[in-house]
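Ligands are counted one by one from 1 in listed order, and the atoms in each one are counted from 1 as well.
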Amino acid sequence: MTHANAELLTLARDISLRAGALIKQRRAEGVEVAQTKSAPEDIVTHADQESEALIRSLLAEARPNDGFFGEESDATSGSSGLTWVVDPIDGTVNYLYGIPAYAVSIAVVEGEPDPNTWSALAAAVYNPAADELFTAAAGAGAFLGERRLQVAAAVQLPLALVGTGFSYNSARRRKQAAVVQGLIEQVRDIRRIGAASLDLCGVAAGRLDAYYEKGLKPWDHAAGALVAQEAGARVQGLNGAAASNALTIAAEPGLFEQLAPVLDGLNVLDA
Ligand code: IPD
Ligand code: CA
Ligand code: CA
């Protein structure tokens with residue numbers, strides 16, 4: 001790992017731990033919906049806003065020349081060519097209900113803050129309820145705590161445990177459910193864990209064989225995608241496209257080759 005990436009990784013890790021401790025404490029104090037966003041189901045809590053403000057201020061202090069691109073506040077561009085892509089609570093609905101599958105997701109990327117072209121340098125995904133910290137740096141592997149991660153060995157699609165997620169938009173959900181309906185009889189089973197960053201880290205840790213979702217925002221997948229990739233997963237859309245809002249698939253490369261055409265045949269891009 002380059003010295004520069006090691007420093008970025010340390011910062012991502014330290015800040016994700018601090019923000020994770022904050023949201024865990026707020027969760028213990030009680031959570032209320034602060035406002036709704038794209039749909040009544042698409043909620044934001046005060047803890048989402050507080051977590052993002054904390055992450056943003058710590059980054060501004062440590063890296064004043066970098067850009068910031070987070071879910072809950074306006075993006076700013078920097079002069080260094082690096083941007084921090086932040087989801088202050090991924091899995092907010094789990095957070096609201098007290099389901100212990102939510103995370104702080106922090107990635108630092110080089111280039112335009114666009115998943116189609118950026119190159120991720122370092123990432124941290126911290127689930128404070130489970131006290132699990134996933135980290136990765138480009139070319140330097142992925143880790144859960146101190147343990148190096150490796151995707152599950154190749155499995156055939158009928159034996160694959162596949163995670164996915166759904167949009168907050170009900171028309172989209174109907175189409176996404178139709179894709180699941182076509183897929184579920186072709187795989188071992190489906191999981192809807194409720195936090196895209198943890199789904200991607202789940203693939204890295206062999207807890208899922210594969211994951212796919214349409215409609216992700218950059219902060220949902222920036223950090224988790226690097227963790228999955230560094231654990232040996234292929235993380236892309238269809239036909240060599242970069243992982244993006246259009247589609248993100250993550251799996252061991254042999255399984256990816258089996259799953260992608262099936263999803264294509266189920267018209268996943270139209271979902
Ligand atoms: C959501 C979660 C969910 C995924 C949605 C995301 P949020 O993020 O990652 O698993 O299915 O697409 O929007 O709203 O909890 O930060
Ligand atoms: Ca999210
Ligand atoms: Ca979020």
Which single N/O/S atom of Asp90 lies at minimum distance from the Ca ion (ligand 2)?
-> OD1
Have a look at ligand 1 and work out which part of Ile193, if any, has a heavy atom under 4.0 Å from it: side chain, backbone, both or neither.
-> neither
Does Asn94 have a non-hydrogen atom less than 4.0 Å from ligand 1?
-> no
Heavy-atom gap Tyr168 to ligand 1 smaller than 4.0 Å = yes
Taking heavy atoms and a distance under 4.0 Å, where does Arg192 meet ligand 1: side chain, backbone, both or neither?
-> side chain
With a 4.5 Å limit on heavy-atom distance, are the side chains of Leu226 and Glu230 in contact?
-> yes
One finds that the ligand 1 atoms under 4.0 Å from a non-hydrogen atom of Glu71 are 16 (O)
In terms of ring plane angle, is the pair Phe69 and Trp219 parallel, tilted or perpendicular, where the classes change at 30° and 60°?
-> perpendicular
Does atom CD of Glu61 have more than 12 heavy-atom neighbours from other groups under 6.0 Å away?
-> no
Just wondering, are more than 12 heavy atoms of other shown residues or ligands nearer than 6.0 Å to CZ in Arg172?
-> yes
Distance filter under 4.0 Å to Ala196 heavy atoms, resulting ligand 1 atoms | 2 (C), 9 (O), 10 (O)
Within 4.0 Å of some non-hydrogen atom of Thr92, the atoms of ligand 1 are 15 (O)
For atom 4 (C) of ligand 1, the option (of Lys214, Glu213, Glu72) bearing the nearest heavy atom = Glu213
Closest protein heavy atom (residue, atom, distance) for atom 2 (C) of ligand 1 | Asp90 OD1, 3.4 Å
Sub-4.0 Å heavy-atom contact, Lys217 with ligand 1 | no
Can you sort out which atoms of ligand 1 are near Ile89, meaning under 4.0 Å from one of its heavy atoms?
-> 16 (O)
Answer yes or no for Gly91: is there a heavy-atom contact with ligand 1 below 4.0 Å?
-> yes
Any idea which N/O/S atom from Asp220 gets closest to the Ca ion (ligand 2)?
-> OD1
If you measure from atom 6 (C) of ligand 1 to every heavy atom of Leu96, Asp220, Val93, Thr248, which option wins on shortest distance?
-> Asp220
N/O/S atom of Glu71 under 3.0 Å from the Ca ion (ligand 2), yes or no?
-> no
For Gln186, does the CD atom sit with more than 12 other heavy atoms under 6.0 Å from it, leaving out its own atoms?
-> yes
Taking the Ca ion (ligand 3) as the vertex, what is the angle from OD1 of Asp87 to O of Ile89, given to 10 degrees?
-> 80°
Heavy-atom contacts with Asp87 under 4.0 Å: which atoms of ligand 1 show up? List them by number with element.
-> 16 (O)
